[in-house]
Amino acid sequence: MLQMIVILAVFVALIIPLGTYLYHIAERKHTFADPVFDRVDGVIYKVCDINPDKGMNWKKYALSLVLANAVMVFVGYLILRIQFLPIFNPNGIEGMPADLSFNTIISFMTNTNLQHYSGESGLSYLSQMLVIIFMMFTSAASGYAACVAFVRGLSGRGKDMGNFYADLIRITTRVLIPLSIIVGLLLVWQGCPQNLSQNATFQTIEGNFQDMQMGPIASLVSIKHLGTNGGGFLGANSTTPLENPTILTNMIEMLSMMILPGACVLMFGKMVRSRKKEKDLRKMKNGQIRTPIFGTEGRTIFCAMGVIFLIGLAVCYFAELAGNPALAKVGLNQSMGSMEGKEVRFGIAQSAMFTTVTTSFTTGTVNNMHDTLTPLGGMIPLLHMMLNLVFGGKGVGLMNMVMYAILAVFICGLMIGRTPEYLGKKIEGKEMKLTALCIIVHPLLILAFSAIAVGTAAGLEGITNPGFHGLSQVLYEFSSSAANNGSGFEGLADNTLFWNVTAGLAMFFGRYISIIIQLAVAASLMRKAPVNESIGTLRTDTPTFTIALIAVVYIFAALTFFPALSLGPIAEHLTLWG
C-alpha cells in the first residue's frame, strides 16, 4: 500500500512542472530549452519545407494527421514484409505474413501496440527500430498534436487549430526524445540490454542451455511507456527481467506511463481557464504575477479522472489480495493473495498498480499476465479500456473526458432548464450530435466486433477458455483494440486472419473516427462568440459538477457495458465465490 501511495505522490509532483512545460510548448511560449530546440526544429522545418506559422482549419489539420500516418503505414508495412533481408537481422528472422503485417502496422500507427506475435521471434532489429520504435514516437506525437489542436479550439483564442506538422515536431524533439534518453539510460543502468548483438546462449545452473535475447531493448521500453504505446520487445513484455529488471525500473515504467497524460490535463487547465476570471485567479507575490498550478476547469477533469482511477485501483488490489477460491480448493495457500501469473518480486501491490495504470493510461504493457487475474481484478482493466477516459493515452483520454463533460453539461442544463454552456460557449444541437456520435462509436466497435467473434466459426476458433472467461477474452481483445491500449488476456489464439483483420479494423476506426469528430466539435465551439456568465450559469469548475461528471461516466458505462460484463467477469466471479 505504501508503494502505491509513494508512486501517486511522485506522479502529482512530476506533472506540475511538466504540465507547465507542455503548456508553454503548445502556446509557443518561451521555455528554458528554446536556445537548443529552436535550432533543431528550424533545420527540420527547412528540410521538410514546413511553415510553422501557417495555421490550419480543423479539416486540414485532421487530413494532415491522417495522410502523414498513412504514409508511415505504407513504408512500415513494406519493411515488415521484407525484414528477412540480412540488414540488422543477426537472428535470421523471416518476413512477416501479410495479415499479421496489416495488424501490426495499424496497431503501432494508432498508438495501440497490440501484438499478435512475439517480438523476439517475429521481428528483426531493423523492424524493431525503423517500424516499432519510430512509430512509438510518431503515434504518440500525433495523439498529442490532436489534443493540442482540440484544446486550442476549446480555448477559442485563435482563428485556426495550429499547424499539425509543427506540433508533431515540437513534441517529438522537446519532450519525447529527451525523456526517452533519460529513461533509457536509467533502464540500462538497472540491467536492461541495449545493443545490436546476436542472441547469446548461456548454460543454466541446471546444466541446460538457454538463449538470451539481445537487441535495442532499453530504447524501445523507454518510449513504449513514455508515449503510452505498450507492446514489448519480448513476448512476455515487462514481466521479464530483460525489460523490467528491478523494482526500481517497475516504478520508473509506471511513472513513465502516467506523467504525460497527467501533464496534458494540467496543460488543458492552463489553456482554457476563463479569461474573465483570469485576473482574479492571478495573485501578486513579491511584485510578480503568479498563475495557479491547475486551471479550474483542468482541476475538475483531473479530479474526475483521479477518483475513477482510485476506485478501480482499490477494486483490483483487494480482488487480487482476496485470492482465488479455485486455487485454494486444490491446496494452494492464498494468504499472499492470488499470485497466479504474477512475478514474486513485484507481488500483489505492484502488480495491481501496474495493471490499473497500464489500462487507465492506455499503454498496454504488462508486468503480470492479465489472463490470470481474478474475475473482478480483470474486470477493472477491461472497464477502464471500455471507458477510455481515465487519463487515457497521450492527450486522447483528455479529449474523451471533455466529451463526457459536454454531455454532463447538456444533461444538467436540461434538469435546470438552461441552455447548456461549456467554457463560456453555448452547447447547441450540432455539438451535441457530434458528441453523442463520438461517445457511441467506442462501445459500438467493442460490442459489434465481439458479437461477430462469438457468432462466427472463425472467431470461436480463437477462444481457448470455455464459458464466462472465454467471453471476457473476446471483450478484452476488442476493448484493447478500440481503446488503442494493446494489452491482452493472452489466452486468445489471435494470430489468425479473422483476428488480425477484425482487431486491425477496430484499432483503425477507434483511433481516427474519434479524433476527427473531436476536432470538429472544438472547431465548432471556437467559432462561437463567448456568452456572459449569469446567475443561472451552470459552473463546471466546482466539486458538484465533478461529482455529476463521474456519475454520468459510470451511468453511461452501466447502460452500455453492464450486460456484457455480467456475462463475462461478473458471472465468473459469482461462479467462483458462489
Side-chain angles (χ1 to χ4, degrees), residues 76-109 112-136 187 191-204 208-221 223-224 229-245 341 343 364-371 461-462 464 477 480 486-501 503-504:
Y77 180 85
L78 290 179
I79 294 174
L80 292 176
R81 296 287 285 149
I82 64 171
Q83 67 174 0
F84 59 85
L85 296 174
I87 306 173
F88 293 112
N89 188 18
N91 299 315
I93 303 296
E94 295 295 327
M96 189 175 280
D99 60 316
L100 183 56
S101 296
F102 166 79
N103 180 277
T104 301
I105 202 65
I106 294 295
S107 176
F108 283 87
M109 193 65 262
T112 309
N113 305 87
L114 184 74
Q115 292 174 292
H116 288 178
Y117 63 90
S118 292
E120 58 265 52
S121 60
L123 292 175
S124 67
Y125 294 167
L126 181 71
S127 294
Q128 293 279 23
M129 293 185 292
L130 291 189
V131 179
I132 305 305
I133 296 177
F134 171 76
M135 288 196 170
M136 284 181 173
L187 293 173
C192 190
Q194 177 67 22
N195 55 53
L196 296 175
S197 304
Q198 184 178 359
N199 291 351
T201 302
F202 298 94
Q203 188 172 13
T204 65
N208 299 319
F209 290 91
Q210 180 177 341
D211 287 336
M212 183 69 68
Q213 181 68 38
M214 296 288 111
I217 298 178
S219 58
L220 186 147
V221 173
I223 184 57
K224 86 169 182 177
N229 293 285
F233 197 96
L234 308 173
N237 218 286
S238 288
T239 62
T240 68
L242 292 175
E243 286 200 23
N244 194 2
E343 281 284 301
T365 182
V366 295
N367 78 343
N368 65 92
M369 289 298 103
H370 292 186
D371 195 41
E461 288 176 359
T464 59
E477 177 77 3
S480 179
S487 65
F489 264 15
E490 301 308 337
L492 199 68
D494 48 21
N495 188 12
T496 64
L497 178 63
F498 174 85
W499 289 101
N500 284 333
V501 172

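For this chain, numbers begin at 1 and follow the sequence in order.
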Taken to the nearest 0.5 Å, the spacing of Leu100 CG from Asn495 CG works out to 5.0 Å
Can you name the closest pair of heavy atoms from Asn89 and Ser124 and give their distance? OD1-CB, 3.5 Å
Side chain proximity check, Tyr117 to Leu123, heavy atoms < 4.5 angstrom: yes
Mind checking salt bridge (charged side-chain N to carboxylate O under 4.0 Å, His left out) for Glu343 and listing every partner two or more places apart, or none if nothing turns up? Arg345
Could you list the residues that satisfy side-chain contact (heavy atoms from CB on, under 4.5 Å) with Glu461, not counting sequence neighbours? none
With sequence neighbours left out, the residues meeting ring-ring contact (aromatic ring centres under 6.0 Å, His included) with Phe489 are His469, Tyr476
How many angstroms lie between CG in Asn244 and CG in Leu187, if you round to the nearest 0.5 Å? 8.0 Å
Identify, with sequence neighbours excluded, every residue that meets side-chain contact (heavy atoms from CB on, under 4.5 Å) alongside Ser101. Tyr77, Leu80, Arg81, Met96
Just by distance, do the side chain of Ser127 and the backbone of Val131 share a donor-acceptor pair under 3.5 Å? no
Where is the tightest heavy-atom contact between Gly504 and Ile106, given as atom of each residue plus distance? O-CG2, 3.4 Å
Smallest separation among heavy atoms of Asp494 and His116, with atom names: O-ND1, 3.1 Å
Donor-acceptor check, side chain of Ser487 to backbone of Gly364, threshold 3.5 angstrom: yes or no? no
Reported CD1-to-OG distance for the pair Ile132 and Ser107, which is rounded to 0.5 angstrom: 8.0 Å
I need the Leu126 CG to Ile87 CD1 distance, nearest 0.5 Å. 6.0 Å
Taking all atoms of both residues into account, what is the closest heavy-atom pair of Ser480 and Thr112, and its distance? O-CG2, 3.8 Å
Is there a donor-acceptor pair under 3.5 Å between the side chain of Gln128 and the backbone N or O of Ile217? no
Do Asn91 and Met214 have side-chain heavy atoms sitting under 4.5 Å apart? no
To the nearest 0.5 angstrom, please state how far the CD1 atom of Ile105 sits from the CG atom of Leu78. 9.0 Å
Sidechain-backbone polar pair: Tyr125 side chain, Ser197 backbone, donor-acceptor under 3.5 Å: yes
Interatomic distance, Leu492 atom CG to Glu477 atom CD [nearest 0.5 angstrom]: 5.5 Å
Strictly by side chain to side chain donor-acceptor pair (under 3.5 Å), give each pair with a member in residues 210-219 just once, sequence neighbours left out. Gln194-Ser219, Asn199-Gln213, Thr201-Asp211
Minimal heavy-atom distance between Phe108 and Leu114, with the atoms involved, is CE1-O, 4.4 Å
For Pro90 and Leu196, which heavy atoms make the closest approach, and how far apart are they? CG-O, 4.2 Å
Show me the side-chain donor-acceptor pairs of residues 236-243 shorter than 3.5 Å, one per line, residues at least two apart or across chains.
from   : atom 1 : to     : atom 2 : distance (Å)
Asn237 : OD1    : Lys224 : NZ     : 2.8
Asn237 : OD1    : Thr365 : OG1    : 2.6
Asn237 : OD1    : Val366 : N      : 3.4
Asn237 : ND2    : Gly231 : O      : 2.7
Ser238 : OG     : Lys224 : NZ     : 3.4
Ser238 : OG     : Glu253 : OE1    : 3.0
Ser238 : OG     : Thr365 : OG1    : 3.2
Thr239 : OG1    : Ala236 : O      : 2.5
Thr240 : OG1    : Asn237 : O      : 3.0
Thr240 : OG1    : Glu243 : N      : 3.4
Glu243 : OE1    : Lys224 : NZ     : 2.7
Glu243 : OE2    : Phe233 : N      : 2.7
Glu243 : OE2    : Leu234 : N      : 2.8

